[in-house]
Each structure stands twice: as structure tokens, then as C-alpha cells.
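Below, all heavy atoms of this structure are taken into account, side chains as well, without hydrogens, waters or symmetry copies. Within every chain, numbering begins at 1; the chains are lettered A, B, ... in the order of the sequence lines, protein sequences first and strands thereafter.
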There are 2 protein chains.
Amino acid sequence: MQLQTAAHAASFDVASLAMCRGLESQAASHLAAISSTGKKAAGETLFAEGDDADCVYEVVKGTLRVCKLLPDGRLQIMGFPGSGHLLGLAAGGNHAYTAEAVTDVTLCRYPRASVDRLVDKVPSLARRLWTATSDELRFAQQQLVLLGRKTATEKVASFLLLLAEQQKSLDGTVFVSMSRTDIGDYLGLTIETVSRTLSKLKRDGLIALPVPDQVKLLDVERLSELAEGESESEA
Amino acid sequence: MQLQTAAHAASFDVASLAMCRGLESQAASHLAAISSTGKKAAGETLFAEGDDADCVYEVVKGTLRVCKLLPDGRLQIMGFPGSGHLLGLAAGGNHAYTAEAVTDVTLCRYPRASVDRLVDKVPSLARRLWTATSDELRFAQQQLVLLGRKTATEKVASFLLLLAEQQKSLDGTVFVSMSRTDIGDYLGLTIETVSRTLSKLKRDGLIALPVPDQVKLLDVERLSELAEGESESEA
DNA sequence: CACGAATTGTCACACATTGTCACATTCCGA
DNA sequence: TCGGAATGTGACAATGTGTGACAATTCGTG
């Protein structure tokens, strides 16, 4: 069943989005009725930390980066949400982080007030959003371990494996849509360390770098060992 | 209105717990009916990462530590939940982390299956648990910034201010119920660096250390500046 | 209550990892 | 084809870690 509103110009079927996963068709109809399409070009800001959280967004196509700033300009990227990710679910009325487009992005947007009203009427929607928040928390907790305890090599290996998993890469080729600087801001490293670590993994035969925005994983098993902190066979 | 079940032996009023915050009295009655009291002695494990998540817990008294392990034994503590904190809300059926008692702990326990059934019937409970998960996520995101971007001094200053805020300290005295090792595992540092940093803050006149499990904050304003990465007046 | 053992915390020094700075190379878009 | 941006590399500095020694504190036993 295809649900459209004038605001979507027939670009995608709201009922098939992650937001509606597990919902009855009536609930999906309600969501479709309140939704609209948004687009952001690469580099544009979706919302800034502290802004009123008046919309819930789902990424339909493309990649965002979500990050927090320290007063002196230091930046920590917390993730690169791609298609199927929901943003703006936080309680508290204001966005806790900044969201910017890494690539051109297509979004489905739902007014937060309308979502909140629906949540009270549709238990499965409440559960859906609670689950989405819980999944995001689980991911953040894994990231805490990475940032707090992993070495640079373990961090980069973990990152490459995450991309491969997200992209369901079958032949080991992953596309890297974000810059080396962004990867560094995500892994708690500098751009030089990211570059040096990628070069070392290449010299060691674990990856190939045909072009800068593509990595070919040549030894997924060894990368998995590195990512989990298994001691290297020889240093 | 005091709600008790035989399982509680009159130790606390379920309706006054964080779990019931914002709920109608009938919902609170339902929760009281399914709840029971648990106690853990300092050092005991509440649940381990991977265990079935068959209970939701609220800390009534005392302090836990929640942590994740790497295969080689490295440990990252993600927080020290105290009274009012809920655990075990995650979707997915298994605990994503290990919870252990830092001090003797009193808990209120709710079977997860019963909670899930109530959630469908009581929209305010669904919202309450979604909000609790969201608050936990917001905290984890702040911690990502700390682990990924802050220096050792900024980390320790942040930690001390967090304790002061949680304990609603009026005269700057905070109680440190966790060991230096635990603080290190929480801040992504080693025990020596935690000790060195505390000693430096003491030498600089920002804190006093009357006994190892107590810190007196002498210059909260300066500590706040340090915690946020404001450049030091003179090094 | 005193004493000894165990545990925790502190300190100094050497080392390793990552950051900083400067510059070279590569890639991409006009 | 060229210029600007992004990436890669090398040398050196800084921060935090690792290690060993010692001090302080806590706990258990007599």
C-alpha cells in the first residue's frame, strides 16, 4: 500500500520506512499524513545543538554526521546516520547535538508535536520509538568502549568493519563518504593518525586503497581480531 | 498513598520511585504489584553483559557501576548509576553491559515481561521509559565527548563536578564511593594518571583531599572552566 | 586496642603512542 | 590542464602509560 502526501511529491513510500516498521497500517497512514520530505545538500546543517527539537527526521537517502562541540572548537562526531536512522527523538525539548549533511541527503520529516500525540494513541508507535532510542543507546555504549579503551589501530579496524557491516559489503569493498578529518573526529584521533593507520594496514596487506573514498578489506578475519584487541602475531 | 507488596517488607514506597514518576496512581499500583526488593553487597554482580534481560531494576539506595569488557580484559565503565536510575530497559533481550555493586545496594525489581505488558496498556508508562532511555542516551553522548576529546585534567574536573551535581553538594564536599581504578576505567585513564591529576589539582589549590574517599571542591568556577576546556590562565 | 598483612594510593622516571607542524603528493572539479 | 582541496608522510613534541618503589590506609586477628 503506497501512502503519499502532497508534501512528498511521490518520492518514497512512508509506510516502508523504518519509522513505520512493525506498525499497523492505520498508524502508518497517520504518520504518512503528518510527514513531509526534506532535502539537504552536502555540508548543510539540519539542526544545531540547542535548537528546539520540533521535528523527528528519518534519513531516507544519504549520510549525516551528528556531533557535539566543546567551547574551544574541539569536535566529537558521535555517528554517521544513514538511511533508516531516526533523529530528534530525544526528550527534553532541545537537540543535544548538531546534525549536518556529509552527502546530499533526503529526509522524511514528522512534526514532533504530532508524533507525541500519536504516541499516546498508538502503543506500537511508542514501543517503536523506545526501541529506536534504545538501539541508539546500545551503539553509543559500544562507542564509549572504543573511545575510552581502544588503540588507534583497533579504532580504525573497528570503523572499517562497521562500514562493511552497514553497507552489507559482500566483496569487501566499502565506500567512505566521510573525510579523513571526519573519521578522526569520530574515532577521537587526528587526521594524521587516521592516515598513518590506514597506510600501515595497507602495507600490512589487510586493506587496499584504490581511491581515497573506497577501502577494500583484504583480510576481514585479521581486521576483526585487531578490532577486538587480539594481540598481533608479531609487532 | 503508600503501596507495598509482601516482597518489599515495607522498605520503601514504590509509588515514590523514579519508575513511577508522572504516572497515574492506578499505573503506580500495577507497578507496585509486580515489584520486589533486591539487595546486592558491594562487589557483587547484578547482571553480566549478555545475560537475559528479564528484569528492569531501579536503584533505590547505593551505587552500581555499569561496564563493558574487551576480550583481553580491558574495561570501560560507562557510569555509576545511583538512586533513581533505571537499568535493564534496553531492547534486544540481552543485557548490553555488566552491572556490579560499588557499595551495598538496594534495588526495586520489575519482571520485564510484566513491564512490557503494562507498557501497551499505559501510555504514560511507555513515555516514562522512553524518556528514561533518552536521558541515558543524552548522558552517554556527553561521555563520548569526554572520552574522545578531553584531556586528563578536563576529564577529572568534569568527573568531580558531576559528582557534586549528583550529590547536590552545597559546601563543595563530594563523596567518592568508587576506587581510583574505577575512576580511571570510567575516564579512559589509568589509576596513576587519575592520582597524578588529583594531586596536581590539589597543589594548584582547586581541591582538597581530606581522606581518599572525599574531595572538597575549593574553586568550583575554575574547575568548571577546566572541565569545559577553557585555556588555563597560566600553565 | 595493637599489630601485621593486604590493599590502595602516590610519586618518579623511562617509554610509547599520538599530536603538532611543515611540506609533498594525489585527486577532483572547473 | 590547472588550481585548490584533500590526503599522505616525516620529524619532533607532548601527553599519557608502564613500571618499580614506597607511603598511607584499611582490615582482620590476637
Side-chain angles (χ1 to χ4, degrees), chain A residues 41-43 65 70 72-76 102-104 146-157 159-160 175-204 207-215 226 229 231-232 235, chain B residues 41-43 70 72-76 102-104 146-157 159 175-204 207-215 226 229 231-232 235:
Chain A
R65 68 183 197 172
L70 282 166
D72 65 358
R74 277 177 286 168
L75 182 125
Q76 177 64 45
V102 170
T103 66
D104 290 349
L146 182 146
L147 288 177
R149 285 304 178 209
K150 290 190 177 185
T151 66
T153 302
E154 293 168 352
K155 288 174 169 176
V156 173
F159 178 65
L160 295 176
F175 296 92
V176 183
S177 52
M178 61 291 288
S179 67
R180 296 301 193 256
T181 298
D182 276 2
I183 297 173
D185 287 338
Y186 173 65
L187 297 176
L189 302 170
T190 60
I191 180 177
E192 289 87 353
T193 303
V194 172
S195 192
R196 275 191 212 106
T197 307
L198 286 170
S199 295
K200 184 180 183 331
L201 292 174
K202 179 177 155 189
R203 284 200 300 280
D204 291 348
I207 64 172
L209 298 169
V211 286
D213 61 354
Q214 197 178 115
V215 180
L226 282 179
S231 61
E232 298 177 54
Chain B
L70 283 166
D72 65 359
R74 276 177 288 168
L75 182 126
Q76 178 63 46
V102 171
T103 65
D104 291 349
L146 181 148
L147 288 176
R149 284 308 179 206
K150 289 189 177 185
T151 66
T153 301
E154 292 168 353
K155 286 174 170 176
V156 171
F159 177 65
F175 296 93
V176 183
S177 52
M178 62 291 290
S179 67
R180 297 302 193 252
T181 299
D182 276 1
I183 297 172
D185 287 337
Y186 173 64
L187 298 176
L189 303 169
T190 60
I191 179 179
E192 289 83 2
T193 303
V194 171
S195 189
R196 258 182 236 117
T197 307
L198 286 171
S199 296
K200 183 179 185 327
L201 292 174
K202 178 178 155 190
R203 285 199 299 281
D204 291 347
I207 65 172
L209 299 169
V211 286
D213 62 354
Q214 198 178 116
V215 180
L226 282 178
S231 61
E232 298 176 55

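- In this structure, the side chain to side chain contact (heavy atoms under 4.5 Å, CB included) partners of Thr151(A), at least two apart in sequence or on a different chain, are Thr153(A), Glu154(A), Arg74(B).
- The side chain to side chain contact (heavy atoms under 4.5 Å, CB included) test applied to Asp104(B) returns Ala41(B), Ala42(B), not counting sequence neighbours.
- A search for side chain to side chain donor-acceptor pair (under 3.5 Å) contacts involving Lys150(A) returns Ser158(A), not counting sequence neighbours.
- Along DNA chain C, the nucleotide nearest Ala152(A) and the nucleotide nearest Ser195(B) are compared for position; the residue whose nucleotide lies closer to the 5' end is Ser195(B).
- As judged by a 4.0 angstrom heavy-atom cut-off over every strand, Thr193(B) is placed among the base-contacting residues.
- The residue Ser179(A) sits close only to the backbone: its heavy atoms come under 4.0 Å of sugar-phosphate atoms, none of a base.
- With sequence neighbours excluded, the residues that form a salt bridge (charged side-chain N to carboxylate O under 4.0 Å, His left out) with Arg149(A) are Asp185(B).
- A donor-acceptor contact shorter than 3.5 Å links the side chain of Lys155(B) to the backbone of Leu187(B).
- Not counting sequence neighbours, the partners of Tyr186(A) by the ring pair (Phe, Tyr, Trp, His ring centres under 6.0 Å) test are Phe80(A), Phe159(A).
- With values rounded to the nearest 0.5 angstrom, Ile207(A) atom CD1 is found 5.0 Å from Leu198(A) atom CG.
- The only member of Val102(B), Thr103(B), Asp213(B) that meets side-chain contact (heavy atoms from CB on, under 4.5 Å) when paired with Met178(B) is Val102(B).
- Across residues 182-191 of chain A, Gly188(A), Leu189(A), Thr190(A) each have a non-hydrogen atom less than 4.0 Å from an atom of DNA chain C (numbered order).
- When DNA chain D is scanned 5' to 3' for any atom under 4.0 Å from a heavy atom of chain A, the first and last hits are dT7(D) to dA11(D).
- Positionally, the nearest nucleotide of DNA chain D for Arg196(A) lies more toward the 5' end than for the other of Arg149(A) and Arg196(A).
- Running 5' to 3' along DNA chain C, contacts with non-hydrogen atoms of chain A at under 4.0 Å begin and end at dT18(C) to dC27(C).
- Residue Leu226(A) comes nearest to Ala157(A) through the heavy atom pair CB-CB, 4.1 Å, listed as atom of the first residue, atom of the second, then distance.
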side-chain contact (heavy atoms from CB on, under 4.5 Å) evaluation trace for Leu147(A) with Gln76(B): CA-CA 9 Å; Leu147(A) 288 177; Gln76(B) 178 63 46; over 6 Å; no
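- With a 4.5 Å cut-off on side-chain heavy atoms, Gln214(B) and Val176(B) do not count as touching.
- Annotation: the span from Leu160(A) atom CG to Leu201(A) atom CG amounts to 7.0 Å, rounded to 0.5 Å.
- Taken over five-pair windows at either terminus, the axes of the helix from dC1(C)-dG30(D) to dA30(C)-dT1(D) are inclined to one another by 50° (rounded to 10 degrees).
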Using distance only, find each side-chain donor-acceptor pair of residues 189-196 of chain B under 3.5 Å and give its atom names and separation, not counting sequence neighbours.
| unit_1 | atom_1 | unit_2 | atom_2 | d |
| --- | --- | --- | --- | --- |
| Thr190(B) | OG1 | Thr193(B) | OG1 | 3.2 |
| Thr193(B) | OG1 | Arg196(B) | NH1 | 3.4 |

